[in-house]
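Okay, so here's the structure we're looking at.
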Amino acid sequence: MKKIAILTSGGDSPGMNPVIRAVVRTCIYHNIRIYGVKFGYDGLIKGDIFEMNVSSVADIIQKGGTILGSARSKEFMTKDGQEKAVQSLKDNGIEGLVVLGGDGTFRGANVLSKYGIKTIAIPCTIDNDMGYTDYTIGFFTSVNTVIDAISKLRDTSSSHGRANILEVMGRKCGDIALNSGLAGGAESIIVPEVDFDIDKVCNKIVSGRKRGKLHHIIVLTEGILSPYELKRQIQEKTKIDTRVTVLGHIQRGGTPSSFDRIIASQMGSMSVKLLLKEQTNLALAFKNNNIEYITIEDAVSSKKIFNKDLYDIVDELSI
Ligand code: F6P
């Protein structure tokens with residue numbers, strides 16, 4: 001294999017840049033020509049492909065986002081778009097492809113594999129919603145951002161004796177709320193995997209007040225109910241002044257954590273080495289403290305299991 005390309009797709013995540021750096025440098029170390037594709041599958045369709053060198057990835061290991069740009073491509077969902085993407089790889093003589101992203105990106109990688117493109121997929125999403133890997137790159141950086149927000153909210157929550165709702169991302173997965181709620185010491189977490197119970201939330205606020213607790217932080221996963229509706233229900237039932245913060249895309253940025261940089265570098269390096277051995281159509285995973293892999297096909301069909309034990313611990317510690 002003489003030419004490999006890399007692209008980033010879907011919602012960006014902190015850690016994509018360290019993966020790009022590792023892929024580019026590993027290729028150059030092994031005398032492989034490496035090409036960057038701009039803005040994900042859209043760039044592949046348009047042939048927006050350029051050759052990279054050692055300096056292309058200088059000074060990016062500490063940067064959030066992706067220097068290649070990312071997109072959620074509608075055109076790539078069509079057969080016509082997929083054929084154009086495959087053709088532009090062929091036109092550039094590219095034999096191997098490394099794709100970085102989440103679920104949707106992996107489904108795209110699976111399609112390319114079926115067209116005969118030798119593909120490796122690396123899990124990069126803040127949501128940690130991919131069942132085949134313990135962690136996705138970007139997740140812990142995002143959790144750190146949420147923990148920081150919880151700490152700051154707690155200061156003002158105590159000063160005013162309020163309840164504060166913090167809406168976090170996660171799409172259909174409660175892992176950001178679960179892990180940041182545990183590590184940040186939130187009083188309540190609301191996740192899609194557990195039925196929402198307004199009385200449970202309110203009873204906790206009321207019993208906290210009775211013990212003289214002045215703050216109450218509720219971490220709410222997006223998409224379950226509007227944080228403003230939650231605020232209305234809490235105020236109606238408890239008469240406690242409540243405020244809403246929607247953290248939004250702040251969770252997607254920032255310098256990648258040490259853990260994210262380390263697994264990013266390991267996976268980036270491994271992706272190239274697998275392609276060189278002609279081991280392809282694989283999705284890399286962080287499992288049992290190791291970088292492992294399964295087929296992309298199996299990765300996209302694996303089901304995410306919610307960590308109920310962790311949820312119960314949050315419940316026990318936030319009495
Ligand atoms: O999948 C990552 C994610 O950040 C989700 O948590 C969130 O629901 C979504 O992307 C937001 O997407 P967009 O960047 O299109 O607003």
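Side chains included, hydrogens not; waters and symmetry mates left out as well; all remaining heavy atoms used. FYI, the numbering just counts along the sequence from 1. Both ligands and their constituent atoms are indexed starting at 1 by order of listing.
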**Q.** Any G170 heavy atom less than 4.0 Å from ligand 1
**A.**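 So G170 counts as touching ligand 1.
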Q.
Would R72 count as a contact residue for ligand 1, given that I'm defining contact as a non-hydrogen atom of the residue lying under 4.0 Å from a ligand atom?
A.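 Contact check R72 vs ligand 1: positive.
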Q.
Show, in sequence, the C-alpha distance, side-chain angles and deciding distance for D127 and K172, and conclude whether the salt bridge (Lys or Arg N to Asp or Glu O under 4.0 Å) test is met.
A. CA-CA 9 Å; D127 296 338; K172 300 224 161 8; over 6 Å; no
Return the residue, atom name and 0.1 Å-rounded distance of the protein heavy atom closest to [atom].
atom	value
atom 7 (C) of ligand 1	E222 OE2, 3.4 Å
atom 2 (C) of ligand 1	D127 OD2, 3.2 Å
atom 16 (O) of ligand 1	H249 NE2, 2.9 Å

Q.
Out of all atoms in ligand 1, which are within 4.0 Å of some heavy atom of R171? Include the element for each.
A.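 It comes down to these atoms of ligand 1: 1 (O), 6 (O), 9 (C), 10 (O).
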Q) In ligand 1, which numbered atoms sit nearer than 4.0 Å to a non-hydrogen atom of M169? A)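 The list of qualifying atoms is 4 (O), 6 (O), 7 (C).
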Q.
Between D315 and K200, does any side-chain N to carboxylate O distance fall below 4.0 Å?
A.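 Salt bridge: yes.
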Q | Flag side-chain contact, heavy atom, 4.5 Å: L178 against I189 | A |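 With C-beta onward as the side chain, the pair touches.
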Q) Taking non-hydrogen atoms only, is R252 closer than 4.0 angstrom to ligand 1 via side chain, backbone, both or neither? A)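 The answer is the side chain.
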Q: Kindly determine whether K3 and N92 satisfy side chain to side chain contact (heavy atoms under 4.5 Å, CB included), including the steps that lead there.
A: CA-CA 9 Å; K3 288 185 180 181; N92 285 280; 5.7 Å; no
Q. Can you tell me how far the CG atom of D12 sits from the CG atom of L100, to the nearest 0.5 Å?
A.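 If we round to the nearest 0.5 Å, D12:CG and L100:CG are 11.5 Å apart.
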Q. For the side-chain hydrogen bond (donor to acceptor under 3.5 Å, both in side chains) test, which of H216, K213, K204 pairs with E187?
A.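 The passing option is K213.
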